[in-house]
There are 2 protein chains.
Amino acid sequence: MKRTGSRSRQGLHLVKAKHACHNCDLRHLLRKTGIEEQQLPDAVCTIRCRGPYQPGDRIYRTGDPLSALYAITSGSVKTEYTTCTGALQVTGFYLRGDLFGVEALGEHSHTDDAIALETAWICELRTAELETLCAKHPELTRGLFQVLNRRARNDTIHQVNVRKRTTEQRVMGFLQDFAERSRARLTGVEDEIPLPMTKEDMASYLAITPETLSRILRKLDDAGYIQTSVRAFRLLRAEPFPGVLDQDAG
Amino acid sequence: MKRTGSRSRQGLHLVKAKHACHNCDLRHLLRKTGIEEQQLPDAVCTIRCRGPYQPGDRIYRTGDPLSALYAITSGSVKTEYTTCTGALQVTGFYLRGDLFGVEALGEHSHTDDAIALETAWICELRTAELETLCAKHPELTRGLFQVLNRRARNDTIHQVNVRKRTTEQRVMGFLQDFAERSRARLTGVEDEIPLPMTKEDMASYLAITPETLSRILRKLDDAGYIQTSVRAFRLLRAEPFPGVLDQDAG
DNA sequence: CGCCGTCTTGAGTGCTGTCAATAGTTGTGG
DNA sequence: CCACAACTATTGACAGCACTCAAGACGGCG
């Protein structure tokens, strides 16, 4: 049994220092939707920044009324889906600048949990105001469609990967993708990429057991594709792991 | 090698008899987005009906510029995603009244193929006009968000199922879902539910091989859960197939 | 220093993919 | 109406891979 959220303080810290937050996160948020900041001068007033969320704290829970979209100022977050039988499935990892919570757009309540992995600061864009903004700025609507569809497409590709790729390739692909996303946020040229999630979370996301993940990481390490550390890794090769099995019809 | 699309005539038949089409499909289209018909009187002029598409005909292809959303007047459609290596993955089956083509919303071109399974008539809602409509009617925007997210959620659940459920449960679940969707469209109380797709398509969608699907269908039949026919089946039980393996933490 | 959670490693089993052959179905043409 | 061909579906034998169960190593924290 996990004691996640034991030191929970979520939502209690409404930060007043808006400027830094806006300058940082509004850009991120809007970059995600493909529009320029100056196109939405009135969007600033809809942003609120919350934190700090401690590891294990929930930003929102399944069933919570949908009140906002979220963007990460600092830290990292995972989203979890709970099946009807109570089993958990990690559905995504989010880093600084990432948008999450969009899974509930169009619905009245959230359908998954968002849990901080590292100490995190989160920006909110309230949905009530979002709707008004969308009506005013069609580009925002289009941008949100894009975010939703990109995510759905990742799911689809993810799903395809389960079948058409070996597990080694899936793990390698995940690490490459994660490295790319991390690098875009890292300051220096550090090639050591931290992994904020546990191996268990990572395994859940990849739809394998922690044991298998451990074995495969070792295999990839032995093969010289990566270098594993405690809670980090180095990417030594950019090409996919060999052993392709999907060379059928086109 | 399949000769699909050999008798292709897609897009050549622009139907002028709009009334029947509108009365039928606009309702469906809007029901999907959760808004009432009379709220969008001007939507009528944006609808065009095309057909007939023969089995194997493509309604759109990967890379085609996004020009419309589609709703099915009659017949059935599958969508296929092509991986970078050329392998195919069926990503969805659509019946009368279903909306498809939303995968490209927010993008400039389609990312999958839509292929008719049975002779089909398709209604188009052109995206150029859709944007204007969305700005005018926030409910439409919300409705489309809902459609997108429901789909994404299905993908997520689908993905969860790959890991947390036995293959028997996945197949049974698919049949139950398909039966429900079909029944909503059937006129009588026929319990024989037609399957418009091949077993190969179905297997691809379920991320298994046709051989495994065949074995599992037989198993479900033997167990008295379903009754398989050539291109149809009967659902004998509504409960999930036993053998759950996800009774962990909650 | 000792506890506990995370991670790793090992042995054995079961399920699904692969390969291959057969049976059934559909559509075409004589 | 029948016969043939092409496609689709089924069934069997075998092997590989990931899951399960179980034990041990590592690391953080009190």
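A note on names: the letters A, B, ... follow the listed sequences, proteins ahead of strands, and every chain is numbered from 1.
- Here A/Thr167 reaches the OP1 or OP2 of D/dA18: one of its side-chain N or O atoms lies under 4.0 Å away.
- Counting to the nearest Å, the P atom of D/dT8 and the CG atom of B/Leu117 are 12 Å from each other.
- Look at A/Arg218 and you'll find a side-chain N or O under 4.0 angstrom from OP1 or OP2 of C/dT9.
- When the P atom of C/dT18 is taken as reference, atom CG of B/Leu213 falls 15 Å away, rounded to whole Å.
- Taking atom CG of residue B/Asp201 and atom P of nucleotide D/dT8, one finds them 9 Å apart after rounding to whole Å.
- Nearest to the side chain of B/Thr212, among D/dA9, C/dT16, D/dT20, sits C/dT16.
- Candidate nucleotides D/dA18, C/dG10, D/dG12 were compared by shortest atom distance to the side chain of A/Arg215, and C/dG10 ranks first.
- Not a single donor-acceptor pair, N or O on each side, falls under 3.5 Å between the base of D/dC17 and the side chain of A/Glu168.
- One interatomic measurement links the two molecules: CE of A/Met197 to C1' of C/dC7, which rounds to 16 Å at whole-angstrom precision.
- Aromatic ring centres of B/Tyr70 and B/Tyr60 lie closer together than 6.0 Å.
- A/Ser214 has no side-chain polar atom (N or O) that falls below the 4.0 Å cut-off from OP1 or OP2 of C/dC7.
- In this entry the distance linking CD of B/Glu211 with C1' of C/dT22 reads 13 Å, nearest Å.
- One cannot find a donor-acceptor pair under 3.5 Å joining the base of C/dT16 and the side-chain atoms of B/Arg170.
- Comparing D/dT20, C/dT18, C/dC7 against the side chain of A/Arg231 picks out C/dC7 as the nearest.
- Contact check on A/Glu168 versus A/Arg170 returns no salt bridge, with no Lys/Arg side-chain nitrogen under 4.0 Å from an Asp/Glu carboxylate oxygen.
- Judged purely by distance below 3.5 Å, without hydrogens or angles, the side chains of A/Thr91 and A/Thr79 pair a donor atom with an acceptor atom.
- The side chain of B/Ile208 lies closest to C/dG17, out of C/dG17, D/dA9, C/dA20.
- In this structure, CD1 of B/Ile216 is placed 16 Å from P of D/dA9, rounded to the nearest angstrom.
- Protein atom CZ of A/Arg165 is 18 Å distant from nucleotide atom P of D/dC17, rounded to whole Å.
- A/Arg215 pairs in a side-chain contact (heavy atoms from CB on, under 4.5 Å) with only one of the listed residues (A/Lys219, A/Glu211, A/Arg218), which is A/Glu211.
- Only one option out of B/Tyr94, B/Phe174, B/Phe178 pairs with B/Tyr205 in a ring-ring contact (aromatic ring centres under 6.0 Å, His included); it is B/Phe174.
- The distance from atom CG of A/Leu217 to atom P of C/dT8 is 7 Å, rounded to the nearest whole Å.
- Here the nucleotide nearest the side chain of A/Thr198, chosen from D/dT11, D/dA9, C/dC7, is C/dC7.
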